[in-house]
Asker: 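The structure that follows is given in the form of structure tokens.
Convention: sequence-line order gives letters A, B, ...; per-chain numbering from 1.
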Amino acid sequence: MSKPRLRFAPSPTGYLHIGGVRTALFNWLWARKTGGTFVLRIEDTDQERSTDESRQIILDSMKWLGLDWDEGPGVGGPYGPYTQMERLSLYKEFAERLIASGHAYRCYCTKEELDAQRQALKQKDPKAQFKYPGTCRDRKDEPDRKYVVRFKAPTTGSITYVDKVFGEVTTPNVENQDFVLLRSDGVPLYNFGAVVDDVTMEITLVARGRDHMINTPPQILIYQALGAKVPEFAHLPMMLAPNGEKLSKRHGAVSVTEYRDKGYAPMAVLNYLARFGWSHGDQEIFSREELIQAFSWDACGRGDGKFDEKKFLAINHEHLKTERLMPTSEYAERVLPFLAARGLPDVKKEAVERALYTIRERARTFVEAADMLDYFFRAEPVMDEKAKAKFLVKDAAPRLRGFRDALAEVSEWTEAALEARANAYFEQSGLQMKDVAQPARVALTGRSASPGLFQVLYVLGREASLARLSRGAEIADAS
RNA sequence: GCUCCCGUCGUCCAGUGGUCAGGAUCUCCGCCUUUCAAGCGGAAGGGAUCGGUUCGAUUCCGAUCGGGAGCACCA
């Protein structure tokens with residue numbers, strides 16, 4: 001049994017949609033699990049909407065997610081080129097072959113003529129569905145006129161295939177019409193381009209969104225006409241918006257780059273998407289390796305689902321909390337750009353690594369992490385005015401000074417030593433932790449919410465801590 | 001209209017011809033506590049409807065209802 005060959009074939013007409021990522025992911029998972037090949041192909045035959053910029057965004061997004069491809073743009077491969085507009089001669093050749101074998105024919109009807117017919121029919125019967133009447137089916141070729149190539153679609157019998165997710169699917173041919181294979185400008189339509197590419201790239205399993213299920217029967221017809229081996233198919237249920245509509249930018253963030261910019265971890269994105277329409281018992285959280293290990297088509301569900309931003313966030317939180325899923329070193333690396341974006345471009349990775357444990361459980365995204373880490377890396381914390389007004393008040397000043405002076409006596413600046421010294425201080429002064437905690441917190445961090453005080457003190461270090469407490473007392477005095 | 005597909009807590013998923021129908025998320029409550037989280041404990045919340053098969057259906061079958069996809073010289 002030869003290794004499976006799978007592909008992801010996005011159209012470069014915008015950002016990489018989160019639903020598209022799921023399709024890519026499932027293909028990729030199966031390729032990785034089986035030792036097969038994952039091909040990336042760019043389907044840019046819609047010249048109106050395709051852009052180089054979009055193509056680049058898609059490649060970048062795939063790389064960011066870690067969905068590496070074995071063949072395709074940038075890496076090449078034996079079946080290239082991997083961009084459809086560079087394969088036009090191939091489609092032409094296959095179309096000619098189908099014409100020669102009697103499976104297709106040249107059609108000289110213009111779009112205008114057909115549109116007129118469509119209109120006329122609609123006038124007569126608004127409910128009627130126009131079908132190409134086969135005008136040119138038996139016409140003689142007239143090589144110097146413009147033509148499209150149409151497929152001679154059967155209208156009797158039916159097509160049956162076994163979907164790896166949906167099981168046996170049978171579609172009668174009665175609804176068929178002679179659909180267009182090749183446009184008059186020589187550019188193939190989706191169904192033809194995809195089939196020719198899948199045949200020539202020797203794709204063995206086509207996995208795609210359920211919205212393409214309708215394309216499968218006509219595509220099988222083309223495979224058969226070509227005398228090519230029909231690949232296996234797997235259709236994935238769709239990811240809809242919370243209101244059941246097709247998920248689009250109207251419903252919020254749907255592009256990979258947006259989630260990257262919101263501070264999501266690539267693996268968390270994949271984890272959420274994997275668990276959408278697929279499951280492995282009750283397991284919710286997966287590492288990359290676990291996912292590859294556990295993935296299978298028969299554990300895919302068939303019902304469409306609705307995208308849930310809250311759960312997505314929770315999954316990301318889980319990944320960010322867990323060392324196994326997001327090692328400290330990688331975490332620090334990923335937070336750096338977000339710190340830079342807040343005006344802290346020179347923070348050292350090692351410094352982030354040291355501070356990270358204080359916020360690990362708290363930050364749900366790298367954006368939040370950068371925010372929570374912020375005050376460690378500034379000369380002075382940015383004061384939250386409300387927190388300042390509430391806690392850095394007159395009678396807090398002496399307490400802050402007392403606390404500061406007590407801490408200054410600590411010889412070894414560790415969390416344990418600081419806490420011990422603080423407790424001794426409270427003992428002797430008659431104060432309690434709660435009398436000092438909030439003013440000190442604001443003085444040290446500029447905020448009313450932060451990690452534990454002794455953690456903050458420890459990470460901040462002696463010098464900065466004492467200075468900030470003193471400064472806090474001054475602010476309190478001046479209030 | 002026609003063709004195809006789907007239907008378990010609000011949401012994402014398990015599971016089962018006899019179960020207290022399970023996990024996650026979300027919401028609420030409690031514990032912990034120097035704040036905020038995290039953690040721990042608890043609560044709430046579900047098999048669309050109607051038939052049939054069966055001693056017994058959420059599970060098998062059918063219908064209905066509801067939802068989705070498509071019916072292009074878009075992909």
Asker: Where do Ser158(A) and Pro172(A) come nearest, in terms of heavy atoms and distance?
Answerer: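 Scanning both residues, the minimum pair turns out to be CB-CA, 3.6 Å.
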Asker: What is the nucleic acid contact for Glu284(A), judged by heavy atoms within less than 4.0 Å: base, sugar-phosphate only, or nothing?
Answerer: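 Since a base atom lies under 4.0 Å of Glu284(A), the category is base.
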Asker: If I pick the P atom on G66(B) and the same atom on C61(B), what distance separates them, to the nearest angstrom?
Answerer: 22 Å
Asker: Could you state the CG-C1' distance from Asp282(A) to C12(B), rounded to the nearest angstrom?
Answerer: 12 Å
Asker: Compute whether any side-chain donor of one residue and acceptor of the other, for Ser296(A) and His280(A), lie under 3.5 angstrom apart.
Answerer: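 Note: Ser296(A) and His280(A) side chains miss the donor-acceptor criterion.
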Asker: Round to a whole Å and report the spacing from NZ of Lys92(A) to P of C73(B).
Answerer: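 Rounded to the whole Å, the gap is 18 Å.
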Asker: Are any of the side-chain nitrogens in Arg106(A) or Glu96(A) under 4.0 Å away from the carboxylate oxygens of its partner?
Answerer: yes
Asker: Scan Phe338(A), Phe312(A), Tyr272(A) and name whichever one has a ring pair (Phe, Tyr, Trp, His ring centres under 6.0 Å) with Tyr264(A).
Answerer: Phe312(A)
Asker: With both distances under 3.5 angstrom, what nucleotide forms a Watson-Crick or G-U wobble pair with U58(B)?
Answerer: none
Asker: Testing the 3.5 Å rule here: is there a donor-acceptor pair between the side chains of Asp46(A) and Tyr190(A)?
Answerer: no
Asker: Give me the distance, rounded to whole Å, that separates A38(B) from G47(B) when you measure between the P atoms they each carry.
Answerer: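 About 31 Å, rounded to a whole number of Å.
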Asker: Mind calculating the distance between CG (Asn173(A)) and C1' (C71(B)) to the nearest angstrom?
Answerer: 14 Å
Asker: Using the C1' atom in both, what is the distance from U25(B) to A14(B), to the nearest Å?
Answerer: 15 Å
Asker: Over how many whole Å does the gap from Glu48(A) atom CD to C73(B) atom C1' extend?
Answerer: 11 Å
Asker: Assess whether a salt bridge exists between Arg378(A) and Asp374(A), defined as any Lys/Arg side-chain N lying under 4.0 Å from an Asp/Glu carboxylate O.
Answerer: yes
Asker: Salt-bridged, Arg447(A) to Asp371(A), with N to O below 4.0 Å?
Answerer: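 Here Arg447(A) pairs with Asp371(A) in a salt bridge, since their nearest N and O are under 4.0 Å apart.
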Asker: Could you check which of C36(B), U34(B), A72(B) has an atom nearest any side-chain atom of Leu453(A)?
Answerer: U34(B)
Asker: Mind checking whether Phe295(A) and Trp297(A) have parallel, tilted or perpendicular rings, split at 30° and 60°?
Answerer: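 Judged by the thresholds at 30° and 60°, the geometry between Phe295(A) and Trp297(A) is perpendicular.
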Asker: Where the side chain of Arg275(A) is concerned, which of U3(B), G68(B), C13(B) is the nearest nucleotide?
Answerer: C13(B)
Asker: Base, sugar-phosphate alone, or nothing: which one does Gly277(A) contact when heavy atoms must sit under 4.0 Å apart?
Answerer: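 Sugar-phosphate, no base atom in range.
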Asker: Taking a pair as Watson-Crick or G-U wobble with both distances under 3.5 Å, which nucleotide is matched to C65(B)?
Answerer: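 Matched C65(B) with G7(B) under the 3.5 Å cut-off.
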Asker: Which nucleotide sits closest to the side chain of Ile214(A): A69(B), G23(B), A75(B)?
Answerer: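 It is A69(B).
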Asker: To the nearest angstrom, how far is Arg360(A) atom CZ from C36(B) atom C1'?
Answerer: 18 Å
Asker: Give one of base, sugar-phosphate or nothing for Val180(A), where a contact means two heavy atoms less than 4.0 Å apart.
Answerer: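 Sugar-phosphate, no base atom in range.
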Asker: Any donor-acceptor pair under 3.5 Å joining the side chain of Thr171(A) to the base of C4(B)?
Answerer: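 No pair found.
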Asker: Could you measure between the two P atoms, the one in C13(B) and the one in A48(B), and give it in whole Å?
Answerer: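 Between the two P atoms, the distance is 16 Å.
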Asker: So Gln177(A), base contact, sugar-phosphate only, or nothing? Heavy-atom distance under 4.0 Å.
Answerer: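 Since only primed, P, OP1 and OP2 atoms lie under 4.0 Å of Gln177(A), the category is sugar-phosphate.
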Asker: Can you tell me how far P in A63(B) sits from the matching atom in U3(B), rounded to whole Å?
Answerer: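 One P to the other, the span is 13 Å.
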Asker: Kindly point out which of C2(B), C73(B), A69(B) is positioned nearest to the side chain of Asp211(A)?
Answerer: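 Nucleotide nearest to Asp211(A)'s side chain: A69(B).
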Asker: By the 4.0 Å heavy-atom rule, please label Cys109(A) as base, sugar-phosphate, or nothing.
Answerer: base
Asker: Measure from the side-chain heavy atoms of Pro172(A) and tell me the nearest of U34(B), A24(B), C4(B).
Answerer: C4(B)
Asker: According to the Watson-Crick and G-U wobble definitions, with both distances under 3.5 Å, which nucleotide is paired to C71(B)?
Answerer: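 Across any shown strand, C71(B) pairs with G1(B).
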Asker: Touch check for Lys111(A), heavy atoms < 4.0 angstrom, all strands: base, sugar-phosphate only, or nothing?
Answerer: base
Asker: Under 4.0 Å, counting only non-hydrogen atoms across every strand here, what does Arg364(A) touch: a base, just sugar-phosphate, or nothing?
Answerer: nothing
Asker: Between C26(B) and C40(B), how far apart are the two P atoms, rounded to whole Å?
Answerer: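 The answer is 13 Å between these two P atoms.
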Asker: How long is the line joining CG of Asn176(A) and P of C4(B), in whole Å?
Answerer: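 Rounding to the nearest Å, CG of Asn176(A) and P of C4(B) are 12 Å apart.
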Asker: Using the C1' atoms only, state how far U8(B) lies from U49(B), rounded to an integer number of Å.
Answerer: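 About 15 Å, rounded to a whole number of Å.
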Asker: Identify which nucleotide among G10(B), A75(B), G68(B) has an atom closest to any side-chain atom of Ser11(A), counting heavy atoms from C-beta outward.
Answerer: A75(B)
Asker: Students often get this wrong, so: under 4.0 angstrom with heavy atoms, is Lys131(A) touching a base, only sugar-phosphate, or nothing?
Answerer: nothing
Asker: Which whole-number value in Å describes the distance from Arg210(A) CZ to G7(B) C1'?
Answerer: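 Rounded to the whole Å, the gap is 12 Å.
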Asker: Can you tell me, in whole Å, how much space there is between the P of C36(B) and that of C29(B)?
Answerer: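 That atom pair is separated by 14 Å.
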Asker: Can you figure out which of C73(B), U34(B), G22(B) approaches the side chain of Lys434(A) most closely?
Answerer: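 Closest nucleotide to the Lys434(A) side chain: U34(B).
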Asker: Need one value for Thr45(A): base, sugar-phosphate or nothing, where a base atom within 4.0 Å counts as base even if backbone is also close, heavy atoms only.
Answerer: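 If one applies the 4.0 Å heavy-atom cut-off, Thr45(A) turns out to touch the sugar-phosphate alone, with no base involved.
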Asker: Can you spot which of Asn27(A), Thr23(A), Thr216(A), Asn215(A) makes a side-chain hydrogen bond (donor to acceptor under 3.5 Å, both in side chains) with Arg208(A)?
Answerer: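 With Arg208(A) as partner, Asn27(A), Thr23(A), Thr216(A), Asn215(A) yield a single side-chain hydrogen bond (donor to acceptor under 3.5 Å, both in side chains), made by Thr216(A).
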Asker: Have a look at Ala299(A) and say if it touches a base, only the backbone sugar-phosphate, or nothing, with a 4.0 Å heavy-atom cut-off.
Answerer: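 The residue Ala299(A) makes sugar-phosphate contact but no base contact.
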Asker: Picking from U34(B), C26(B), U11(B), which would you name as closest to the side chain of Phe454(A)?
Answerer: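 Per side-chain heavy atoms of Phe454(A), the pick is U34(B).
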Asker: Between Glu318(A) and Leu189(A), which has a closest nucleotide on RNA chain B that is more 5'?
Answerer: Glu318(A)
Asker: Rounded to the nearest angstrom, tell me the gap between atom CZ in Arg399(A) and atom P in U34(B).
Answerer: 15 Å
Asker: Please tell me which of the listed nucleotides, G23(B), C6(B), A75(B), lies nearest to the side chain of Lys311(A)?
Answerer: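 Nearest listed nucleotide: G23(B).
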Asker: Contact class for Thr110(A) (heavy atom, under 4.0 Å): base, sugar-phosphate, or nothing?
Answerer: base
Asker: Counting side-chain heavy atoms from CB outward, which of A72(B), G39(B), U35(B) is closest to Ala449(A)?
Answerer: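 Between A72(B), G39(B), U35(B), the one nearest the side chain of Ala449(A) would be U35(B).
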Asker: Syn or anti for G22(B), given that syn means the glycosidic angle lies within 90° of 0?
Answerer: anti
Asker: Counting only Watson-Crick or G-U wobble pairs whose two distances fall under 3.5 Å, which nucleotide matches G39(B)?
Answerer: C31(B)
